**Q** 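Please see the structure below; I have some questions.
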Amino acid sequence: MSDDSLRELAQFAGIAPSWVDAAGQPHEVSLDVLRTILTAFGLSATTASQIASSRVALRNIASDAPLPPLLIVTVGEPVRLPPLARFGEIAHYRIVLEDGAFVDGAVQRDADGFHLPAVGDIGYHKLQLGPEEVTLAVAPARCFTIADIHSGHGGQARLWGVQAPVYSLRRKGDGGIGDGGALAQAARAAAARGAAAFAINPVHALFSAAPDRYSPYAPSSRAFLNPLYANPAAALDSDLIARALQDGDLATSFSALEALPQIDWPEAGRAKLALFRRLFDIFSGCNGSLKEDFERFRIEGGEALEDHARFEALHAHLTTEDRALDDWQNWPSLYRDPRGFAVLDFAHAHEDEVAFHVFLQWIADRSLASAQTSCRDAGMAIGLITDFAVGTDAKGSHPWSRQSEMLSGLSVGAPPDLFNASGQSWGIAALCPHAMRPHGYRAFIEALRATMRHAGGMRIDHAMGLTRLWVVPDGASPVDGAYITYPSDDLFRLIALESWRNRAIVLGEDLGTVEAGFRERLHRAGILGTQVMWFERDDMGFFSSSIYSPNAMATTSTHDLPTVAGWWEGRDIADREGAGVIGAEDAASERHTRGIDREALWRTFRHDGVVNGTGAHEASAERAVEAAASFIGRTSSPLAILPIDDALALRDQANMPGTVDEYPNWRRRYAGEASKLFDDPAVERRLSAIADTRGRS
């Protein structure tokens with residue numbers, strides 16, 4: 001077996017055998033890493049004969065693949081069919097459109113193979129070819145955009161919004177974790193001040209039986225929601241909720257948890273689930289329109305919803321007996337098959353428990369829908385912008401129910417770059433690129449639809465994953481990874497199709513190591529990139545707002561970066577030193593550099609007219625925040641986002657990469673009630689600073 005043959009197989013399979021770091025230096029991927037990734041793809045590569053067989057298998061898939069369950073095309077373009085000789089025997093086809101109309105025609109052939117004429121209606125249609133029937137997804141050429149929101153109204157839209165994690169918002173009765181009710185209150189308050197959008201953290205489903213696992217970017221499933229964010233009042237009447245809260249102990253627990261400055265996820269999670277359990281027990285004995293709505297929701301959720309509910313019930317049942325069974329891959333073998341008789345028997349024997357987890361999804365869904373309705377009723381042009389995480393926890397519901405579509409033994413991460421010299425491995429499982437087409441992109445579409453279902457926009461975390469992902473074998477250093485490629489044409493088309501079906505704009509987080517031409521591709525697809533003030537600079541200083549891209553969303557910061565006030569005062573440096581992320585020597589060096597950077601940022605603020613006379617050394621953190629809000633408002637981006645952390649001039653960032661328990665990640669709550677977050681005159685000034693500049697043409 002030659003090294004070259006293994007590298008050629010890897011490249012043929014979509015694994016890059018080499019990569020270039022942020023400094024422009026080339027690196028070869030080790031043969032062991034290539035072999036491990038090929039194995040995860042289902043391709044053996046230990047011997048010369050295995051490599052040869054795997055190459056033949058890949059070649060056959062590429063040339064002789066059967067008609068897949070989902071064909072994806074762009075509206076107005078011919079429908080290309082796989083190169084199978086049997087199409088030559090089929091003279092006619094029928095396309096049944098979503099609205100019930102149909103189109104008949106003859107299969108055509110040219111030098112490139114078999115095809116059908118272009119279809120002019122976007123949507124998911126049925127294509128009948130002889131005895132076969134498949135879904136035909138006809139996508140628009142690009143996503144729904146801010147320009148489409150304002151089409152016919154004239155002028156160029158320059159909207160703005162705020163961003164906050166749902167869990168940080170407060171309202172009386174939330175049980176210590178922000179929910180859809182608090183989100184609706186905060187959104188109405190922001191809309192009253194001119195905000196067109198309210199961006200939130202991922203609200204994907206986590207693990208109900210393990211509320212201590214609360215990172216929003218490590219979900220159990222992206223196809224379902226986190227019930228701990230549910231506001232039961234969005235689905236149930238007040239009398240039912242009052243009956244559930246008659247127990248004084250639960251009410252006392254709620255009050256104590258709501259008073260905490262930070263979230264106690266394990267305790268708050270248990271308390272909220274206890275309330276939901278009581279609500280379910282009462283609800284189960286009811287009849288009427290609410291019960292009918294619940295049953296309709298369950299039917300519409302189909303197999304995917306039942307799978308998730310069964311997983312949640314099984315996970316809770318098994319981990320009660322043995323914490324080692326927290327990972328479904330350690331479950332008894334009969335329970336690892338979601339279609340097996342053991343799982344069906346369990347679901348039948350624990351029917352109420354499975355129904356309870358369906359109930360949780362129902363109230364979570366209705367809660368998010370209610371929050372989006374509040375946004376729109378308050379006048380927001382966009383409303384909620386949800387967040388689409390890059391992958392899922394390998395121990396979760398979606399990897400269990402969609403095993404054949406997931407990569408096993410690999411973690412998504414990032415190669416070393418200017419900000420993370422050791423690279424990153426996030427412990428997140430990704431979809432297998434080779435399994436997407438044979439399964440009709442099922443898992444990807446499920447996740448997309450759940451994220452856009454009740455939103456006016458969607459942010460794609462680590463958007464570069466649409467074309468390639470850095471994956472690291474379990475247990476290996478993040479440096480010992482490789483890039484794998486994805487069927488990006490199909491993924492972009494599906495995003496565009498779902499974007500238009502939901503009339504939701506799409507943002508792409510394109511920070512870090514970005515392929516040449518990727519940002520241009522986002523633009524062609526109608527996806528806004530992301531420009532963060534901290535990164536828009538060179539050795540000479542920070543860029544003027546006038547040269548920010550009109551094809552990207554502009555923002556002051558993100559959840560993984562310092563707030564403006566924290567950066568200005570160097571709180572982020574002190575926090576990283578205190579958490580052991582950096583040592584005293586590095587901290588001292590960073591403080592020296594920060595002083596220079598403050599002066600550079602202030603010069604840019606002065607150049608752009610958002611501050612005058614005073615020097616950086618005389619400016620308070622609060623003044624810097626107000627200047628930053630005005631600064632991003634002046635950019636030519638169609639959307640500028642001010643994190644509520646900056647509107648409130650908070651010092652501590654939401655998450656510190658490189659820490660687990662050393663820093664209170666994902667736990668901070670805002671001090672004030674959601675409905676009154678912006679009432680302070682200083683906060684009003686910061687919101688006005690961005691609103692006023694956005695309003696100028």
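These figures come from a predicted structure and were not determined experimentally. For the numbers below, each heavy atom of this structure counts, side chains included, while hydrogens, waters and symmetry mates do not.
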**Q** Indicate yes or no: at least one non-hydrogen side-chain atom of Tyr548 is less than 4.5 angstrom from one of Ser637.
**A** no
**Q** Output the distance between atom CG (Asp646) and atom CD (Glu626), rounded to the nearest 0.5 Å.
**A** 12.5 Å
**Q** Is there a donor-acceptor contact under 3.5 Å linking the side chains of Thr555 and Gln163?
**A** no
**Q** Establish, from distance only, whether the side-chain atoms of Thr659 and Asn665 form a donor-acceptor pair under 3.5 Å.
**A** yes
**Q** Would you call Glu446 and Arg222 a salt bridge, using N to O less than 4.0 angstrom?
**A** no
**Q** Quick check: do Ser557 and Asp645 have side-chain heavy atoms less than 4.5 Å from each other?
**A** no
**Q** According to salt bridge (charged side-chain N to carboxylate O under 4.0 Å, His left out), who are the partners of Arg376, at least two apart in sequence or on a separate chain?
**A** none
**Q** Can you confirm whether His27 is buried at NE2, in the sense that more than 12 heavy atoms of other residues, nucleotides or ligands lie under 6.0 Å from that atom?
**A** yes
**Q** List the steps and the verdict of ring pair (Phe, Tyr, Trp, His ring centres under 6.0 Å) for Trp19 and Tyr483.
**A** CA-CA 8 Å; Trp19 56 283; Tyr483 281 113; 7.3 Å; no
**Q** Report yes if the side chains of Glu498 and Ile445 come closer than 4.5 Å at any heavy-atom pair, otherwise no.
**A** yes
**Q** Kindly say whether Glu77 contributes a backbone atom to a donor-acceptor pair with the side chain of Thr74 at under 3.5 angstrom?
**A** no
**Q** Once the angle between the rings of Trp534 and Phe542 is folded into 0 to 90°, is it parallel (under 30°), tilted (30 to 60°) or perpendicular (over 60°)?
**A** perpendicular
**Q** Does the pair Asp461/Arg459 count as a salt bridge with the N-to-O cut at 4.0 Å?
**A** yes
**Q** Could you walk me through whether Val610 and Thr604 pass the side-chain contact (heavy atoms from CB on, under 4.5 Å) test, one step at a time?
**A** CA-CA 9 Å; Val610 298; Thr604 298; over 6 Å; no
**Q** Could you go through the side-chain hydrogen bond (donor to acceptor under 3.5 Å, both in side chains) check for Thr145 and Asp148 one step at a time?
**A** CA-CA 5 Å; Thr145 67; Asp148 295 309; 3.0 Å; yes
**Q** Of all the heavy-atom pairs spanning Ala647 and Leu687, show the shortest one and how long it is.
**A** CB-CD2, 4.1 Å
**Q** Is a donor on one side and an acceptor on the other found under 3.5 Å between the side chain of Arg158 and the backbone of Ser636?
**A** no
**Q** Any donor-acceptor pair under 3.5 Å linking the side chain of Ser168 with the backbone of Ala164?
**A** no
**Q** Could you walk me through whether Asn201 and Tyr229 pass side-chain hydrogen bond (donor to acceptor under 3.5 Å, both in side chains), step by step?
**A** CA-CA 11 Å; Asn201 58 292; Tyr229 295 150; 3.3 Å; yes
**Q** How about Arg651 and Thr563: does a side-chain donor come under 3.5 Å of a side-chain acceptor?
**A** no
**Q** Could you tell me whether the side chain of Ser499 and the main chain of Cys143 form a donor-acceptor pair under 3.5 Å?
**A** no
**Q** So, Arg521 and Asp489, do they make that salt bridge, N to O below 4.0 Å?
**A** yes
**Q** Show every side chain to side chain donor-acceptor pair (under 3.5 Å) that has at least one partner inside residues 502-512, sequence neighbours left out.
**A** Asp510-Arg519
**Q** Have a look at Asp652 and tell me which of Arg571, Arg576, Arg668 forms a salt bridge (Lys or Arg N to Asp or Glu O under 4.0 Å) with it.
**A** Arg571
**Q** How far apart are the closest heavy atoms of Pro399 and Met406, and which atoms are they?
**A** CA-CG, 3.7 Å
**Q** Using modelled atom types and a 3.5 Å cut-off, is there a donor and acceptor pairing between side-chain atoms of His398 and backbone atoms of Ala394?
**A** no
**Q** Is it true that, when you exclude His115 itself, more than 12 heavy atoms of the residues, nucleotides or ligands shown sit nearer than 6.0 Å to its NE2?
**A** yes
**Q** According to the interplanar angle, ranging from 0 to 90°, do the rings of His204 and Phe388 count as parallel (below 30°), tilted (30 to 60°) or perpendicular (above 60°)?
**A** perpendicular
**Q** Between His434 (side chain only) and Ala13 (backbone N and O only), is there a donor and an acceptor less than 3.5 Å apart?
**A** yes
**Q** May I have the step-by-step check of ring pair (Phe, Tyr, Trp, His ring centres under 6.0 Å) for Trp426 and Tyr217, ending in yes or no?
**A** CA-CA 9 Å; Trp426 301 323; Tyr217 290 94; 9.5 Å; no
**Q** Before you tell me yes or no, could you show the steps for Thr386 and Thr451 under side-chain hydrogen bond (donor to acceptor under 3.5 Å, both in side chains), namely the whole-Å CA-CA distance, both residues' side-chain angles and the distance that decides it to 0.1 Å?
**A** CA-CA 6 Å; Thr386 50; Thr451 309; 5.6 Å; no
**Q** Say whether, by atom type as modelled, one donor and one acceptor occur between the side chain of Tyr663 and the main chain of Gln653 under 3.5 angstrom.
**A** yes
**Q** Any side-chain to backbone donor/acceptor pair from Tyr486 onto Leu431? Under 3.5 Å, distance only.
**A** yes
**Q** Could you tell me the separation between the CG atom of Asp21 and the OG1 atom of Thr513, rounded to the nearest 0.5 Å?
**A** 8.5 Å
**Q** With no hydrogens and no angle check, is any side-chain donor or acceptor of Arg694 less than 3.5 Å from a backbone partner on Thr635?
**A** yes
**Q** Apply ring pair (Phe, Tyr, Trp, His ring centres under 6.0 Å) to the pair Tyr214 and Trp666, showing each step before the final yes or no.
**A** CA-CA 7 Å; Tyr214 47 81; Trp666 319 119; 8.5 Å; no
**Q** Do we see a donor-acceptor contact under 3.5 Å between the side chains of Asp393 and Ser220?
**A** no
